[in-house]
Amino acid sequence: MNPIIQVKNFTKKYGDFIAVNDISFDVEEGSVFAFLGPNGAGKSTTINTLCTIFEKTSGTLLIDGKDVSRQKSEVRSSIGVVFQDSTLDAKMTIEENLKMHCVFYNIPNKEVDERIKFVLNLVDLTNERKKMVSALSGGMKRRVEIARGLVHYPKVLFLDEPTTGLDPQTRAHIWEYIMKLQKERNITIFLTTHYMEEAEICNKIAIMDGGVIVAHDTPYALKKMYTKDKAYINTNDEEEFKRLLTEHQLNYSKKDGYYKVEAEYLDRLLEVLSVHKEHITNIEIKKGTFNDVFLEITGKKIREEG
Ligand SMILES: Nc1ncnc2c1ncn2[C@@H]1O[C@H](COP(=O)(O)OP(=O)(O)OP(=O)(O)O)[C@@H](O)[C@H]1O
């Protein structure tokens, strides 16, 4: 395992206010890493410091072994950044925007065409390259931003809510590109999202709240730790069913005519169901969701899209 991003005891203060309080985490090379948290958690502060835009107050932040405070230009050539707000020049074509970025990054002239061809192919925009950015849909603009973030061949791509405001089909396409980058180019993706189903398909997730990291693990481990499966049951003998649940020390609640029973103690639940089977009219088992994980850890619902 090779950590391409290393954050150690990072603190950032704005005046007396501690926005990020002594956090440490690593991101493995070639992984897709989701950085989540409610509003004001400290995500943007952390990302902006990693991207060399903000100065840290204390701690060590390394990207590909380079210090983000002391080796800014080396770090900048190792990272690509796609922010939420478009920074494309709308009065230029896709190709012109990419060319401008190549100049900015001192890409040798002889390599420019090949690189532009390569990144446009990655996001399926080869045939659109002569189009003006002003004429593109929101999804296409986001794809151009991703292509531009890649044209200097970074090792890490930072994506700040890459799919916010896009329709489900375009979101799915953006995810295809993200996964392709990871698999075929071994690019490390560091992203923020408020779509829990997107966080769930990442390799690792860190959840920030109040300036600290409150959870950091695989989606599977977090789900296992923070959610419980539940059984939704209808019965035609409620009194007897309640008696059995109580006798077997199973927590339950009743809503809209069905009993919601925690399926944590499966052996006890199966015993109740077996004794009571003649009276059960419907049963459904629901798995815990990643929304439950987020709610359980932060006590807050993830921001819904407006
Ligand atoms: N320039 C600043 N001066 C003072 N306080 C700031 C500044 N920038 C951010 N903060 C505060 O620092 C805390 C962390 O902010 P940050 O933008 O990093 O959070 P976030 O997790 O990215 O939130 P969001 O999801 O809303 O973007 C917040 O309380 C915010 O108000």
Side-chain angles (χ1 to χ4, degrees), residues 5-27 32-63 68-69 72 75-76 79-87 138 141-142 145-146 149 156-166 171 174-175 178 188-202 204-217 219 222 226 289-306:
I5 299 176
Q6 294 166 281
V7 176
K8 229 172 163 351
N9 305 114
F10 166 53
T11 294
K12 171 74 184 176
K13 291 185 190 170
Y14 296 107
D16 286 339
F17 178 72
I18 303 174
V20 178
N21 191 0
D22 193 26
I23 65 167
S24 300
F25 65 94
D26 286 350
V27 177
V32 180
F33 182 85
F35 203 44
L36 312 179
N39 295 124
K43 304 178 300 288
S44 303
T45 300
T46 306
I47 293 176
N48 281 317
T49 311
L50 279 169
C51 294
T52 75
I53 297 164
F54 290 177
E55 285 297 338
K56 69 185 181 192
T57 301
S58 58
T60 310
L61 299 94
L62 306 178
I63 294 189
V68 304
S69 308
K72 283 192 200 305
V75 169
R76 282 178 193 156
I79 63 173
V81 186
V82 179
F83 288 117
Q84 257 186 75
D85 296 326
S86 174
T87 53
K141 281 187 191 147
R142 204 64 58 91
E145 301 254 9
I146 293 175
V156 181
L157 184 65
F158 287 91
L159 299 168
D160 189 12
E161 299 197 3
T163 58
T164 295
L166 304 179
R171 278 172 57 196
I174 297 280
W175 270 96
I178 292 175
T188 308
I189 313 280
F190 187 115
L191 62 90
T192 63
T193 180
H194 62 267
Y195 296 112
M196 290 297 102
E197 70 275 20
E198 292 186 351
E200 231 174 316
I201 54 175
C202 294
K204 278 270 179 75
I205 293 174
I207 301 181
M208 261 197 112
D209 195 13
V212 295
I213 291 186
V214 287
H216 179 201
D217 217 321
L222 291 175
Y226 292 102
T289 67
F290 215 81
N291 270 318
D292 299 336
V293 173
F294 193 85
L295 189 62
E296 181 71 25
I297 293 175
T298 66
K300 300 166 192 118
K301 281 198 170 151
I302 189 88
R303 170 165 50 97
E304 300 289 337
E305 185 165 356

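Each ligand, and each atom within it, is numbered from 1 in the order the structure gives.
In terms of polar-atom proximity, defined here as any N/O pair under 3.5 Å, G37 makes no such contact with ligand 1. Every N/O-N/O distance between A19 and ligand 1 stays at or above 3.5 Å.
Ion pair K72/E55 flagged as a salt bridge, since at least one NZ, NE, NH1 or NH2 atom sits closer than 4.0 Å to an Asp/Glu carboxylate oxygen.
Among Y14, F17, F35, F54, the residue whose heavy atom sits closest to atom 2 (C) of ligand 1 is Y14.
If you take CD1 on I5 and OG1 on T46, they are separated by 11.0 Å, rounding to the nearest 0.5 Å. Separation of atoms NE2 (H216) and CZ (F35) is listed at 9.5 Å; rounding is to 0.5 Å. Rounding to the nearest 0.5 Å gives a distance of 5.5 Å between CE of M208 and CD1 of I213.
Note on ring orientation: taking the six-membered ring where Trp is involved, the planes of F190 and F33 are tilted (angle from 30° to 60°).
The shortest separation from a heavy atom of G42 to ligand 1 is under 4.0 Å, placing the residue in contact.
Using a 4.0 Å cut-off to heavy atoms of T45, the atoms of ligand 1 that qualify are 15 (O), 16 (P), 18 (O). Which parts of ligand 1 touch K43 is read off a 4.0 Å heavy-atom cut-off, strictly below it: atoms 18 (O), 19 (O), 20 (P), 21 (O), 22 (O), 23 (O), 24 (P), 25 (O).
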